[in-house]
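Before any comments, here is the structure.
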Amino acid sequence: MAAEIFPNKKPANSNSNSAQQYHQQNLNNNNTIPSPNWQGLYGTIRERNAIMFNNELMADVHFVVGPPGGTQRLPGHKYVLAVGSSVFHAMFYGELAEDKDEIRIPDVEPAAFLAMLKYLYCDEIDLAADTVLATLYAAKKYIVPHLARACVNFLETSLSAKNACVLLSQSCLFEEPDLTQRCWEVIDAQAELALKSEGFCDIDFQTLESILKRETLNAKEIVVFEAALCWAEVECQRQELTPTIENKRKVLGKALYLIRIPTMALDDFANGAAQSGVLTLNETNDIFLWYTAAKKPDLEFVSNPRKGLVPQRCHRFQSCAYRSNQWRYRGRCDSIQFAVDKRVFIAGFGLYGSSCGSAEYSAKIELKRQGVILGQNLSKYFSDGSSNTFPVWFEYPVQIEPDTFYTASVILDGNELSYFGQEGMTEVQCGKVTVQFQCSSDSTNGTGVQGGQIPELIFYA
């Protein structure tokens, strides 16, 4: 991802190709400009200033950046750096300024330092997924707030269940409360995906505790338990300990008791946690008694279930009806497109049922973006003959980004006639989320904006 603070301007004279050639050579190779009149090739001070980026020409300071064994020597120009950063100003022109020709910076990665220099010299923000965190660190260290904000925006845009736990840890370190809140939104709604991600095992102990304490985690407790054991195994390796059961429990410490083992389904406890070896015999016996005995023992584990998240329902029809010979399915696809103005997580659809008494339906639900399947599930549900909607869930909630149309589809198989929606709305306000609907070319069974099936989107926000 590359975004420019100001749009590029072409050199005003006929030597534009030469100017671009010199500029590219300078960016890539850290060479001086060979032309004796290079200044004349550029029409603006911004373009002339940009030529000095990573350039030995007139450099009056050098930085040795990176840890021992991975350093890179980079040229700099004190005036340019001081104009862009109060830290550099104090370093070069403050009361305690030291006149050093070479400055060592072992705690910043060379690629991140170059990204910061590019912003200071060129007014260009050039971020990459593998260096954005290091660039954010550099921007924070040298107090370059606009670059730091761009890094946070980049991270928020690329946020997913796969990296949410790691970014949560980093956002706390960098004191970025908005990013922290976005991370929690993803972790809460897609908790099981986040806990099963590789990134979960890379978090620090403090972040682990904050996740295990979380009331709104939308996950089965057995998944939380298994994730904690995976983290403990990796933590043993970090501490150069053999990953035995004893050492796993040791590195978990008091965090083990934040796992709400007594709230697991009995089968999950009996076949999982009870046989893991992590619990002592007394703890295992007491938890079994907790499940079965009228007088329950005192436990160190938290015994109240997590509150989880309450799903919201966006209903797009103002009424529903049924008529003879409608609505039949016969394996055809009902589909609708929708877009939201805020990030949400689609957990499932609310579907109509039989208008001729109770009946069972088989439903294949699907969610796509630009033809790419993001989530699908095949399940059955039972309708009681009423005009109510009946929830059908995806295996995991699907993250939906704002201002982009997604396609919701369902293929229903059932012998009975069904209710269908009428007086459909193109826009629905659901809490703080606005949902827009439009017809889908995938719909081959009559569903559209004004009427048909898929009356509800079920989501977390």
Side-chain angles (χ1 to χ4, degrees), residues 1-3 127-130 132 153-167 182-183 185-200 218 311-312 314 316 329 331-351 362-379 391-413 426-428 430 433-449 452-461:
M1 171 181 169
L127 301 174
D130 56 345
V132 63
N153 290 339
F154 181 97
L155 291 169
E156 289 181 355
T157 301
S158 59
L159 184 60
S160 70
K162 292 181 179 180
N163 61 16
C165 294
V166 171
L167 292 184
R182 299 291 182 274
C183 291
E185 290 171 2
V186 174
I187 293 169
D188 282 343
Q190 297 182 298
E192 294 195 358
L193 286 175
L195 292 170
K196 292 177 180 179
S197 69
E198 291 183 9
F200 178 78
N218 194 35
Q312 300 184 47
C314 175
R316 66 187 191 93
Y329 300 109
R332 292 192 290 259
C333 180
D334 288 289
S335 184
I336 192 73
Q337 288 195 329
F338 69 94
V340 294
D341 64 343
K342 292 180 177 62
R343 175 184 283 163
V344 300
F345 303 86
I346 296 292
F349 305 147
L351 304 177
S362 173
K364 180 184 178 182
I365 60 173
E366 192 173 80
L367 199 56
K368 294 190 295 186
R369 177 181 178 180
Q370 298 177 347
V372 178
I373 297 174
L374 304 178
Q376 61 181 183
N377 199 19
L378 179 62
S379 62
V392 179
W393 307 95
F394 289 104
E395 183 178 4
Y396 302 110
V398 180
Q399 182 170 312
I400 302 298
E401 297 299 332
D403 305 321
T404 300
F405 273 95
Y406 292 78
T407 303
S409 302
V410 60
I411 298 176
L412 284 154
D413 187 12
T426 57
E427 184 173 295
V428 179
C430 189
V433 180
T434 301
V435 186
Q436 293 180 317
F437 294 96
Q438 67 180 25
C439 293
S440 168
S441 59
D442 290 352
S443 191
T444 58
N445 198 40
T447 287
V449 173
Q453 301 299 320
I454 316 181
E456 283 183 341
L457 301 178
I458 306 173
F459 65 93
Y460 302 114

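Just so it is clear, the values below take in all heavy atoms, side chains as well, and ignore hydrogens, waters and symmetry mates.
- For the residue pair Gln337 and Thr407, a side-chain donor N or O sits within less than 3.5 Å of a side-chain acceptor on the partner.
- With Arg316 contributing its side chain and Ile454 its backbone, the two residues share a donor-acceptor pair below 3.5 Å.
- Judged by distance alone, the side chains of Asp334 and Asn445 do bring a donor and an acceptor atom under 3.5 Å apart.
- Scanning all heavy atoms of the two residues, the minimum distance from Ser409 to Phe349 falls at O-CE1, 3.5 Å.
- We find that Lys364 and Asp413 are not joined by a salt bridge, their nearest charged nitrogen and carboxylate oxygen being 4.0 Å or further apart.
- Between Ser335 and Ser440, the side chains place a donor N or O and an acceptor N or O closer than 3.5 Å (distance only, hydrogens not considered).
- Note that SG of Cys430 is 9.0 Å distant from CD of Glu456, once rounded to the nearest 0.5 Å.
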Notebook entry, point to check: Would Leu351 and Leu412 satisfy side-chain contact (heavy atoms from CB on, under 4.5 Å), going step by step from the backbone distance to the final call?
Noted result: CA-CA 10 Å; Leu351 304 177; Leu412 284 154; 4.1 Å; yes
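- Across every non-hydrogen atom of Gln312 and Ala461, the tightest pair is NE2-CB, 3.6 Å.
- For the atom pair CG (Leu378) and OG (Ser362), the distance works out to 4.5 Å, reported to the nearest 0.5 Å.
- Gln190 contributes no side-chain N or O that, together with a main-chain N or O of Asn218, makes up a donor-acceptor pair within less than 3.5 Å.
- Taking both residues in full, the closest heavy atoms of Val186 and Ala164 are given as CG1-CB, 3.9 Å, listed atom of the first, atom of the second, then distance.
- Counting only heavy atoms from C-beta outward, the side chains of Glu427 and Thr434 approach each other to under 4.5 Å.
- Counting heavy atoms from C-beta on, the side chains of Ile373 and Leu367 never come closer than 4.5 Å.
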Notebook entry, point to check: Passes side-chain contact (heavy atoms from CB on, under 4.5 Å), Tyr406 versus Val398? Steps please.
Noted result: CA-CA 11 Å; Tyr406 292 78; Val398 180; over 6 Å; no
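- Residues Gln438 and Gln436 bring no donor and acceptor atom of their side chains to less than 3.5 Å of each other.
- Distance check: Ile458 CD1 to Ile346 CD1 gives 9.0 Å after rounding to the nearest 0.5 Å.
- In this structure, the side chain of Asp341 does not engage the main chain of Val433 through any donor-acceptor pair within 3.5 Å.
- The CD atom of Glu366 sits 8.0 Å away from the CG atom of Asp442 when rounded to the nearest 0.5 Å.
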Next item on the list: Show your working on side-chain contact (heavy atoms from CB on, under 4.5 Å) between Arg343 and Phe345 and close with a plain yes or no.
Entry: CA-CA 7 Å; Arg343 175 184 283 163; Phe345 303 86; 4.0 Å; yes
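- For the atom pair Phe459 CZ and Cys314 SG, the distance stands at 6.0 Å (nearest 0.5 Å).
- Looking only at side-chain heavy atoms (C-beta outward), Glu192 and Leu195 stay at 4.5 Å or farther from each other.
- Separation of atoms CD (Gln453) and CD1 (Ile411) is listed at 13.0 Å; rounding is to 0.5 Å.
- With a 6.0 Å radius and a threshold of 12 heavy atoms from other residues, nucleotides or ligands, Glu401 has its CD atom above the threshold.
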Next item on the list: Report the C-alpha separation of Asn377 and Val392 in whole Å, then their side-chain angles, then the decisive distance to 0.1 Å, and conclude whether the side-chain contact (heavy atoms from CB on, under 4.5 Å) test is met.
Entry: CA-CA 9 Å; Asn377 199 19; Val392 179; 5.8 Å; no
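- The two atoms that bring Ala189 and Pro397 nearest to each other are O-CG, 3.2 Å, heavy atoms only.
- Using bins of under 30°, 30° to 60° and over 60° for the plane-to-plane angle, the ring pair Phe338/Phe437 lands in the tilted bin.
- Donor-acceptor pairing under 3.5 Å is lacking for the side chains of Asp188 and Tyr460.
- For the pair Leu159 and Cys183, the minimum side-chain heavy-atom distance is below 4.5 Å.
- Shown here for Cys165 and Ala194, the closest heavy-atom pair between the two residues is SG-O, 3.9 Å.
- Between the Gln376 side chain and the Ile365 main chain, no donor and acceptor come within less than 3.5 Å of each other.
- Counting heavy atoms from C-beta on, the side chains of Lys368 and Leu374 never come closer than 4.5 Å.
- Shortest non-hydrogen contact noted between Thr447 and Ser443 is O-OG, 2.9 Å.
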